[in-house]
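Since the structure comes first, as structure tokens, the remarks are kept for the end.
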There are 2 protein chains.
Amino acid sequence: MSEPRWLTSEQMRAWRGYLGLVRVLDDRLSRDLQERSGLSMADYEILVRLSEAPERRLRMTELAQAAMVSKSRLSHQLTRMELRALVRREGCPSDGRGTFAVLTQQGYAVLAAAAPGHVASVHEHLLDRLTPEQVSTLGDLSEAVLVHLPPPSGPRCPPGRAGREAVAVADERA
Amino acid sequence: MSEPRWLTSEQMRAWRGYLGLVRVLDDRLSRDLQERSGLSMADYEILVRLSEAPERRLRMTELAQAAMVSKSRLSHQLTRMELRALVRREGCPSDGRGTFAVLTQQGYAVLAAAAPGHVASVHEHLLDRLTPEQVSTLGDLSEAVLVHLPPPSGPRCPPGRAGREAVAVADERA
DNA sequence: TGTCAGTGGTTGAACTGTCAACCTTGATGA
DNA sequence: TCATCAAGGTTGACAGTTCAACCACTGACA
């Protein structure tokens, strides 16, 4: 390590802004969603992913990759959601180790009810505050960063980083 | 509520990109910091805030506002950091209810040792991936959102929202 | 057929964050 | 001086996350 590089004032403004944005926006959207639908952002994302999948079901590992969460976290998360009958687990006939996460009717209904309000929040607190150019730059900039960064997985990043195709994270509709 | 408004494809790209960015970047920076310095991002932020304050001390409430965290969270956080001798609490002579959080010598040393590596991570994973225009837009866009959003505080947003001056979040140096 | 490494997934303990209740002290006003 | 209310802060119970085992099963190969 040579001379430490500090930040220019523009970089500082961007970085501090980013940190503030994340903290405050996440807080606001989570609260809105929780109050209006009784769902956490994590719940919501799982429901969206499953709703988009063929037959509304996905193997645990696929779901974890899609949602960019660890298998452990997904497993705990699914256990909680299963207790609320939003999803259910099913064994995989062709692979005795495998488990499917399956969206229940009720889970679908809850998601469908939650989606309009959630999207409205995203508009109200984020998108409507930005110019079209800023929206577009946000997309570009996120992609530019994500291209160089492996998704979070276990405690240590495995040497052969797999699953690089899906760079985005779902979150929008039923 | 009238017709639900969905997202245009540009909006969707921005929103999914943002979600992916946050998840992956936070994960990466947290890990780097933890591995190199044994600090969490939350630890780091507290240390930075205190290091910038006069006499390296701040009242709990001021610190909580500056760091945009709840008082409860800060209290727990400080208890943990106190056990590691990074900070210490001191009573406030002029107000019997008050408590100061004070940066210790050791806390300062740990921060000073951690800062270059952390800043390097921010460069490597975020700033160096972006054009100067994108950096600038990130700053603008964050500010545009934050201006309309109160900082997270208690369970419910109090009607008179206080402490609106500090919109950014510190995170950069010792 | 038996072994054995790797994959898919779960579990429990430790840690972090949230919420609501609580305690103490200060400020206000009768 | 006393009652009352607000402010500053802490606490304990609980929800969610991470980490490191762990178990069950598959696939390959001897």
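So that the names make sense, note that chain A is the first sequence line, chain B the second, and so on, each numbered from 1.
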Report the nucleotide, chosen from D:dT18, C:dT18, C:dT25, that has the shortest atom-to-atom distance to any side-chain atom of A:His76.
-> D:dT18
Please check the phosphate of D:dC19 (OP1 and OP2 only) for any side-chain N or O of B:Arg31 closer than 4.0 Å.
-> yes
Distance in angstrom units between A:Phe100 CZ and C:dG9 C1', rounded | 14 Å
Mind calculating the distance between CZ (B:Arg73) and C1' (D:dG12) to the nearest angstrom?
-> 18 Å
Just how far, in rounded Å, is C1' of D:dT17 from CG of A:Leu78?
-> 15 Å
From CD of A:Gln34 across to P of D:dG16 the rounded distance in Å is 8 Å
For D:dA15, does either OP1 or OP2 sit under 4.0 Å from a side-chain N or O belonging to A:Ser40?
-> no
So, the side chain of A:Arg36 versus the backbone of A:Gly117: is there a donor-acceptor pair under 3.5 Å, distance only?
-> yes
Qualifying residues under side chain to side chain contact (heavy atoms under 4.5 Å, CB included), relative to B:Arg57, sequence neighbours excluded = B:Glu55, B:Glu90, B:Phe100, B:Val102
Any A:Val22 side-chain heavy atom under 4.5 Å of B:Tyr18 side chain = yes
Mark yes or no for whether B:Thr99, through its side chain, and B:Met60, through its backbone, hold a donor-acceptor pair below 3.5 Å.
-> no
Side-chain (B:Thr79) to main-chain (B:Ser75) donor-acceptor, under 3.5 angstrom | yes
If we ignore angles and hydrogens, is there a donor and acceptor under 3.5 Å between the side chains of B:Ser40 and B:Asp43?
-> yes
N/O (side chain, B:Gln77) to phosphate O (OP1/OP2, C:dG17) under 4.0 Å | yes
Identify, between B:Gly98 and A:Ala42, the residue whose nearest nucleotide on DNA chain D lies closer to the 5' end.
-> B:Gly98
Would you confirm whether A:Ser142, through its side chain, and A:Leu138, through its main-chain N or O, come within 3.5 Å as a donor-acceptor pair?
-> yes
In residues 89-96 of chain B, which ones come under 4.0 Å of DNA chain C, going by heavy atoms?
-> B:Asp95, B:Gly96
Interatomic distance where CE belongs to B:Met41 and P belongs to D:dT17 [whole Å] | 17 Å
Can you tell me how far C1' of D:dG16 sits from CG of A:Leu83, to the nearest Å?
-> 14 Å
Does any N or O in the side chain of A:Arg89 come within less than 3.5 Å of the main-chain N or O of A:Glu82, such that one atom is a donor and the other an acceptor?
-> no
Nearest-Å distance, CG (A:Asp27) to P (C:dG17)?
-> 13 Å
Going by heavy atoms in the side chains, are A:Arg13 and B:Glu143 under 4.5 Å from each other?
-> yes
Inter-axis angle, terminal five-pair segments of the helix from C:dT1-D:dA30 to C:dA30-D:dT1 [nearest 10°] | 0°
State, with a plain yes or no, whether a side-chain heavy atom of A:His123 is found less than 4.5 Å away from one of B:Leu7.
-> yes
Nearest to side-chain heavy atoms of A:Arg97, which nucleotide of D:dG9, D:dA24, D:dG16 = D:dA24
B:Lys71 side chain, from C-beta outward: closest of D:dG9, C:dG9, C:dG17 = D:dG9
Round to the nearest Å and state the distance from A:Met68 atom CE to D:dT18 atom C1'.
-> 18 Å
Checking all strands, does A:Thr61 fall into the base, sugar-phosphate, or nothing category for heavy-atom contacts under 4.0 angstrom?
-> sugar-phosphate
DNA chain C: B:Arg80 or B:Ser72, which has the more 5' nearest nucleotide?
-> B:Arg80
From the candidates D:dC25, C:dG9, D:dG8, the one with an atom nearest any side-chain atom of A:Met60 is C:dG9
